[in-house]
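Right, one structure below, let's go through it.
Counting begins at 1 with the first residue of the sequence.
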Amino acid sequence: MSTAESAADTAPAPAGVVFAAIDIGASSGRVMLGRVSPAGVALETVHRFPNGVVEIDGGLRWNFDALYAEVLAGLKAAATVAAVQGETIASIGIDTWAVDYGLVNKAGKLVAQPHSYRDDRSRAAVAPVHAKLDPARLYQTTGLQFLQFNTIYQLATEQDLAGLQALLIPDLIAFRLTGVRRTEATNASTTGLFDAMAGEWATEFFTALGLRKDLFPPLIQPGEAYGGLLPEVAAAVDLSRETRVVAVGSHDTASAVAAVPATPDNGGDSFAYISSGTWSLVGLELKHPVLTEASREANFTNERGVDGTIRYLRNVGGLWLLSECQRTWAGEGFQPDLPALLAAAAALPAGGPQINADDPYFIAPDNMPERIRAAVRRTGDLLPNDPAAITRCIMDSLATGYAKTITVAERLAGRRVDVVHVVGGGSQNRLLCQLTANATGRPVVAGPVEATAMGNVLVQARAAGAAAGGLAQLRSIIAAGASLGRFEPLDLTLNAARN
């Protein structure tokens, strides 16, 4: 019986039950309370905290200890808010970015702060891995887009894994909360060690690379429970030991896509999605992976989604470009108001210079305005050292990248896209949404902003019996309560990607 079917047969959850969503991105995190009803998902942020890479021991790493302390602070705040309102937190769900992991020993101790995917250490491991596992063979099994920071390459840089186990970041948080070691499947699919067809670990790859087959804990599916809180954790956050930590789409994009409000009025099954934030994840939702050589050459990925779906997508850079520009400008004493900056960018004429927004050149943090101008110069064009012009270049480049990616995805998957859904922080960027509609020649439906947290909460709610059905039913709940924008293409002749 599927998770959706079993959840549909569960008795309704009692009144006053709420769900805690731990939602952490590469630049910030938050803990939210989610309340689910036929009218939609209501979210309340109870704790926000910064996140970011730090230089530790000569590399770019995540300060996991500080991150976990913020998680505990957020759960305690959630418990306080729920108690004041006479509510019970039924469960906790965790989603973060993908591919990164922490190494723990047999005693459960984290042996070092986890490396960040933005660290360049894995670049040198790509060739040795490919010498043992041909890239074509890797893709035929995993369906995973080649990115030099995929987990498989990061692991190849480790010197000694004897007696250690790798826990992906959301699973590491769940382990600290419950004492249970598991690997959630949507995130496992980003490692390069996961069989896309079988939905299991590709154990032959572990053997080929000299890795133990139990390097990662057993798989857990969205909707299944890791377990209850450890006694000391429950006491620290003022929650019952019976409060369950439930696996959701722990890769944040999996949770975001689960909350795409694709109803019959908003594209139905014929939709593309753009999860727009630090990264832009652009693609289609499929029932089966696309493992062809053409798909590999186009560098599309097949990642697991909620309910065994396939997120067929590409990374196309993201608003990291703009946030890094803002950081550089602030360091120079210029802190433009973002709405005013976007308005100034929108006032500039179309047809300005563009960059390849997903070029690895832009991954690492460093004077982004100058790097963008340098990339434009390499194309033979010039970009003024003006924040509005640089912002417009970023927006145009992202929209063009989205359009090209969607067009290629349609061809490779044999699917037609009628509507483009933009979810996440980028759905608030009216300029980006309008330029995307223009570039794709399709209507853009923008929202919800908090798609990741909503998808997180809905999977928990279904596990508790507070929601029922498959993804279509969950999405109808999102659509019922979300405030959505719609952007029509202003000029189809701008749609160069389809001509």
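Listed by chain and number, the residues in a side chain to side chain donor-acceptor pair (under 3.5 Å) with Q434 are N438 (sequence neighbours excluded). H288 is linked by a ring-ring contact (aromatic ring centres under 6.0 Å, His included) to nothing, counting only residues two or more places apart in sequence or in another chain. By the side chain to side chain donor-acceptor pair (under 3.5 Å) test, R411 pairs with no residue at all, sequence neighbours left out. Evaluation of the ring-ring contact (aromatic ring centres under 6.0 Å, His included) rule for H421 yields F271 as partners, not counting sequence neighbours.
With contacts defined as side-chain heavy-atom distances shorter than 4.5 Å, the pair F487/R430 qualifies. You'll find the side chain of T407 stays beyond 4.5 Å of the side chain of T440, heavy atoms only.
The salt bridge (Lys or Arg N to Asp or Glu O under 4.0 Å) contacts involving residues 273-292 comprise E285-R475, where partners must be two or more places apart or lie in separate chains. Applying the salt bridge (Lys or Arg N to Asp or Glu O under 4.0 Å) test to residues at least two apart or on different chains, the pairs with a partner in residues 57-76 are D65-R176. Each side chain to side chain donor-acceptor pair (under 3.5 Å) pair with one or both residues in residues 29-42, not counting sequence neighbours, appears once here: D23-R30, R30-E450, R35-E44, R35-E87. The side chain to side chain donor-acceptor pair (under 3.5 Å) analysis of residues 374-388, with sequence neighbours excluded, yields the pairs E370-R377. The list of ring pair (Phe, Tyr, Trp, His ring centres under 6.0 Å) pairs with a residue in residues 373-407, not counting sequence neighbours, is empty. The ring pair (Phe, Tyr, Trp, His ring centres under 6.0 Å) contacts involving residues 354-394 comprise nothing, where partners must be two or more places apart or lie in separate chains. Among pairs with a residue in residues 37-56, those fulfilling ring pair (Phe, Tyr, Trp, His ring centres under 6.0 Å) read H47-F49, at least two apart in sequence or across chains.
Aromatic pair H115/F149: centroids not less than 6.0 angstrom apart. Here Y153 and F146 bring their ring centres to under 6.0 angstrom of each other.
At a threshold of 4.0 Å, the pair E410-R442 counts as salt-bridged, since one of the basic side-chain nitrogens sits closer than that to a carboxylate oxygen.
At least one cation-pi condition fails for R118 and W62: the charged atom is not both under 6.0 angstrom from the six-membered ring centre and inside a 45 degree cone around its axis.
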Using distance only, find each side-chain donor-acceptor pair of residues 333-346 under 3.5 Å and give its atom names and separation, not counting sequence neighbours.
from : atom 1 : to   : atom 2 : distance (Å)
D337 : OD2    : A340 : N      : 3.1

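In plain terms, the two heavy atoms of R371 and D366 that are nearest each other are CD-O, 2.9 Å. Of all heavy-atom pairs between T452 and A256, the closest is OG1-CB, 3.4 Å.
Rounding to the nearest 0.5 Å places CG of N315 at 8.0 Å from OG1 of T253.
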